[in-house]
Amino acid sequence: MANERVRVRGLSIFRPIIYGNTARLLTREERENVPAEHTHKWTVAVRSAASAPGSDIVGGADNLGYFLKRVSFKLHDTYPNPTRNIDKPPFEVSETGWGEFEVTIKLHFVPESGEKALTIYHHLKLHPWSLTGEPDSVPPVEVAQKAGPVHSWQYDEIVFNDPYQNFLNILTSNPPTPLPRTNANGRTIPFHVANPASLEASKGGVPEFTTLIERDEVERLEKAKKTIIAEQERTRATLIAKEKELERLQKTLNG
Ligand code: SLL
């Protein structure tokens with residue numbers, strides 16, 4: 001018993017998680033039962049990174065209750081009781097609303113861990129922004145409807161350094177479901193990496209995340225590049241027109 005509170009020095013052990021949200025537009029009927037300005041239903045969650053086989057839920061194959069005691073989600077102050085404490089899995093909050101905002105997520109670990117709470121942040125995403133090509137415009141409802149549910153998930157690894165022996169026992173007796181080597185179910189969910197170094201460290205062992213993140217990022221960059229080039233051309237045309245105008249005015253002035 002006594003040596004259970006002994007730290008295993010030099011050892012690091014991690015658990016892969018995802019955190020983020022899904023969102024979809026409310027149907028006409030659903031809108032009748034919520035405040036008039038609410039347009040979306042969303043779920044913000046902390047889950048195991050691996051998804052259950054055959055499930056279309058992102059992540060959540062494993063019950064994280066063995067190392068998480070509580071997840072507290074701090075919502076925007078426009079929500080009643082904005083701090084939502086979830087004390088057992090699934091660690092998630094579903095709400096309706098109209099706007100995007102930053103959710104502060106605090107992970108509280110089981111007492112055996114001796115770990116302090118860990119705070120992470122997620123920007124709640126409601127709109128398929130990438131579809132507009134413009135950084136700050138909400139896409140029209142028809143566009144959003146066609147695009148279907150929005151997903152925004154970040155992959156991260158929670159690292160425990162020098163764990164207590166008893167906590168290490170808990171962790172090792174709950175091994176995480178391995179992430180698939182290939183993107184077997186052909187998901188096209190945009191993932192973001194909170195801690196890119198953690199993916200490097202896992203040496204491409206999580207292609208479900210890496211390939212999708214990379215492709216998504218490439219597409220976003222290409223689109224942004226096109227927007228910038230178009231913008232540059234417009235600016236140049238304006239400049240040329242202005243210079244001509246200046247020349248004309250100077251002539252009138254001198255003539
Ligand atoms: C924005 N900074 O202006 C953000 C704030 C607030 C979101 C978004 C409804 C809450 C409620 C809600 O969606 N709040 O009234 O129940 O876009």
Side-chain angles (χ1 to χ4, degrees), residues 17-47 56-60 64 68 70-108 117-156 187-196 212-213 216-217 219-221 223-224 226-228 231:
I17 61 157
I18 56 163
Y19 58 98
N21 80 282
T22 62
R24 62 168 179 82
L25 284 162
L26 289 167
T27 63
R28 205 186 299 265
E29 299 79 68
E30 286 171 324
R31 289 200 64 170
E32 284 166 15
N33 305 312
V34 298
E37 63 281 10
H38 288 199
T39 48
H40 289 74
K41 183 175 170 71
W42 51 258
T43 299
V44 59
V46 175
R47 298 176 180 156
D56 54 3
I57 295 173
V58 182
L64 300 184
L68 287 176
R70 158 178 288 184
V71 177
S72 90
F73 297 89
K74 166 73 176 64
L75 311 181
H76 194 265
D77 287 330
T78 46
Y79 281 93
N81 313 314
T83 300
R84 309 288 172 90
N85 294 324
I86 310 297
D87 291 332
K88 56 179 193 310
F91 296 109
E92 58 184 51
V93 170
S94 295
E95 267 292 353
T96 62
W98 54 266
E100 300 188 341
F101 58 91
E102 179 145 273
V103 186
T104 302
I105 305 171
K106 216 164 168 180
L107 307 178
H108 300 266
L118 179 68
T119 304
I120 54 183
Y121 301 90
H122 172 69
H123 185 88
L124 185 79
K125 184 171 148 165
L126 301 185
H127 309 293
W129 294 106
S130 57
L131 291 181
T132 64
E134 303 277 333
D136 284 317
S137 62
V138 175
V141 171
E142 314 82 69
V143 175
Q145 217 129 37
K146 242 210 199 117
V150 163
H151 286 270
S152 178
W153 296 101
Q154 315 201 43
Y155 172 87
D156 208 347
R187 257 211 292 272
T188 53
I189 291 159
F191 286 94
H192 307 276
V193 198
N195 174 11
L212 285 171
I213 294 158
D216 193 52
E217 193 64 17
E219 275 170 21
R220 256 206 302 271
L221 288 174
K223 212 173 239 166
K226 279 196 195 128
T227 312
I228 289 170
E231 186 63 37

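The first residue of the sequence shown is numbered 1, and numbering continues consecutively from there. For ligands, and for the atoms within them, numbers begin at 1 and follow the listed sequence.
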What short N/O contacts, under 3.5 Å, does ligand 1 make with the protein, listed by atom pair and distance?
unit_1, atom_1, unit_2, atom_2, d
ligand 1, 13 (O), Y79, OH, 3.3
ligand 1, 13 (O), W98, N, 2.8
ligand 1, 13 (O), G99, N, 3.2
ligand 1, 14 (N), T78, OG1, 2.9
ligand 1, 16 (O), H38, NE2, 3.2

**Message:** So E95 and H76, do their side chains get closer than 4.5 Å, heavy atoms only?
**Reply:** no
**Asked** Any side-chain heavy atom of N21 sitting closer than 4.5 Å to one from K125?
**Response**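 Side-chain contact under 4.5 Å: yes.
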**Request:** Describe, in one word, how the ring planes of H122 and Y19 are oriented to each other, choosing from parallel (under 30°), tilted (30 to 60°) and perpendicular (over 60°).
**Result:** perpendicular
**Request:** Describe, in one word, how the ring planes of F101 and Y79 are oriented to each other, choosing from parallel (under 30°), tilted (30 to 60°) and perpendicular (over 60°).
**Result:**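 Judged by the thresholds at 30° and 60°, the geometry between F101 and Y79 is tilted.
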**Asked** Between R84 and K74, is there a donor-acceptor pair closer than 3.5 Å when you use the side chain of the first and the backbone of the second?
**Response** no
**Prompt:** Rounded to the nearest 0.5 Å, what separation is found between the CG atom of L75 and the CD1 atom of I105?
**Reply:**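 Nearest 0.5 Å value for the CG-CD1 distance: 9.5 Å.
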